[in-house]
Amino acid sequence: MDIHGATALVTGANRGIGRALAAELLRRGAKVYATARRPEAIDLDGVETLALDITDPAAVAAAARTAHDVDLLVNNAGIGGGLLLGDLAAVRATLEVNLWGTLSMARAFAPVLAANGGGAMLNIASSASWFVFPGSSAYAVSKAAVWSMGNALRQELAAQGTAVTSVHLGAADTDMTRGLDVPKVAPADVARRALDGVRDGAYEVVVDEFAAMVKESLSADPRDFERRFQQLLVDTASASASASASASD
């Protein structure tokens, strides 16, 4: 798909990866609807802002009516989540946004994409589609669902000519990962790789080395990956402690 001249709608465009995607779309010559629950928080020039809570069916329907010229839907909005055996309300909230909200957007905009020639859908998933980071099992379940949903939508939307791309990465340098002491990829790099994938008609975009390592592990014994991941956590903690000690000398 040619990004130049496309009309895109980006959910969760007020910060992080969503903001970077909207900025990169503008740079590549697209018209951009930038959406957020609080559109006043969007600080990009050149976009058309829309108020949108993807868990609100009326708001989603209104966005589809307003942005009737969209031929690239970017499903970026999402939230973190805790333990499956923790607060059930928090688990439900994670799935409500990451799974049901994303599906609501796909259902509302599928006819819009069809009317505009098919276009494309870009879903921001995660390396957590394929493994569970300690303390974020609800998030992992939701992102596994987003990955599977993208594969299913690719089949269901093929007849109308809509391409579907899923994006998978480790940790991006965003507010969501602020407390994590792990290697992080810049949101601008995620945006560039993701939109290159849309341009090339890729089914999946695996952004960084960590996500590639996780994806590669799927064909092996999952215990091997678990051992590698636990060692990675130990090595990261050790490197962080060494860096802190050096800084205090």
Side-chain angles (χ1 to χ4, degrees), residues 9-22 34-38 41 51-61 63-64 73-110 121-154 156-157 164-180 184-185 187 190-191 194 197 203-207 210-211 214-215:
L9 183 143
V10 183
T11 62
N14 56 310
R15 60 183 180 178
I17 294 173
R19 185 186 186 281
L21 282 162
T35 78
R37 286 178 294 179
R38 294 190 304 108
L52 177 59
D53 177 348
I54 65 171
T55 67
D56 180 348
V60 170
L73 173 64
V74 181
N75 287 314
N76 164 77
I79 62 173
L83 297 172
L84 291 176
L85 298 180
D87 181 5
L88 185 57
V91 175
R92 290 184 185 278
T94 300
L95 291 169
E96 187 66 31
V97 175
N98 297 355
L99 170 57
W100 295 112
T102 300
L103 179 57
S104 179
M105 289 295 295
R107 290 172 61 92
F109 276 87
M121 186 181 302
L122 178 68
N123 297 328
I124 304 301
S126 172
S127 61
S129 300
W130 305 317
F131 89 114
V132 182
F133 192 89
S136 61
S137 50
Y139 178 78
V141 168
S142 73
K143 288 302 186 178
V146 169
W147 175 47
S148 184
M149 178 171 58
N151 292 334
L153 288 171
R154 187 178 301 113
E156 295 190 21
L157 296 174
V164 179
T165 300
S166 294
V167 178
H168 302 266
L169 61 144
D173 191 7
T174 65
D175 290 347
M176 185 182 292
T177 64
R178 183 173 295 165
L180 296 180
K184 298 174 184 177
V185 61
V190 178
Y203 282 13
E204 291 179 0
V205 174
V206 179
V207 173
F210 180 79
V214 178
K215 179 69 184 293

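These values consider heavy atoms only, across backbone and side chains, with no hydrogens, waters or symmetry-generated copies.
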Q: Answer yes or no: does atom CG of Leu85 have more than 12 heavy-atom neighbours from other residues, nucleotides or ligands under 6.0 Å?
A: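 Atom CG in Leu85 is not crowded, with 12 or fewer foreign heavy atoms closer than 6.0 Å.
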
Interatomic distance, [X] atom [atom1] to [Y] atom [atom2] [nearest 0.5 angstrom]:
X      : Y      : atom1 : atom2 : value
Thr11  : Arg37  : OG1   : CZ    : 11.0 Å
Ile79  : Thr94  : CD1   : OG1   : 4.5 Å
Arg154 : Glu204 : CZ    : CD    : 7.0 Å
Lys143 : Phe133 : NZ    : CZ    : 16.0 Å

By side chain to side chain contact (heavy atoms under 4.5 Å, CB included), Leu153 pairs with (sequence neighbours left out) Ala106, Met121, Met149, Leu157, Val164

Contacts of Ser137 meeting side chain to side chain contact (heavy atoms under 4.5 Å, CB included) (sequence neighbours excluded), chain-then-number -> Leu83, Leu84, Val132

_Partners passing ring-ring contact (aromatic ring centres under 6.0 Å, His included) against Phe210 (at least two apart in sequence or in another chain)_ =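 With sequence neighbours excluded, Phe210 shows a ring-ring contact (aromatic ring centres under 6.0 Å, His included) to Phe131, given in chain and number order.
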
Report yes or no: does [X] contribute a side-chain atom to a donor-acceptor pair with the main-chain N or O of [Y] at less than 3.5 Å?
X      : Y      : result
Thr165 : Leu122 : no
Ser148 : Ala145 : no
Thr102 : Asn98  : yes
Asn76  : Val10  : no
Asn123 : Ala125 : no
Ser104 : Gly101 : no

Can you name the closest pair of heavy atoms from [X] and [Y] and give their distance?
X      : Y      : value
Ala108 : Ala64  : O-CB, 3.9 Å
Gly78  : Val97  : CA-CG1, 3.8 Å
Met105 : Ile54  : CG-CG2, 3.8 Å
Ser127 : Gly170 : OG-CA, 3.5 Å
Gly150 : Ser166 : CA-OG, 4.3 Å
Ser129 : Ala144 : O-CB, 3.5 Å

**Study point:** Min side-chain heavy-atom separation Asn75-Val146 under 4.5 Å
**Key:**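 Side-chain contact under 4.5 Å: no.
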
Q) In terms of ring plane angle, is the pair His168 and Trp130 parallel, tilted or perpendicular, where the classes change at 30° and 60°? A)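 The rings of His168 and Trp130 lie parallel, inter-plane angle below 30°.
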
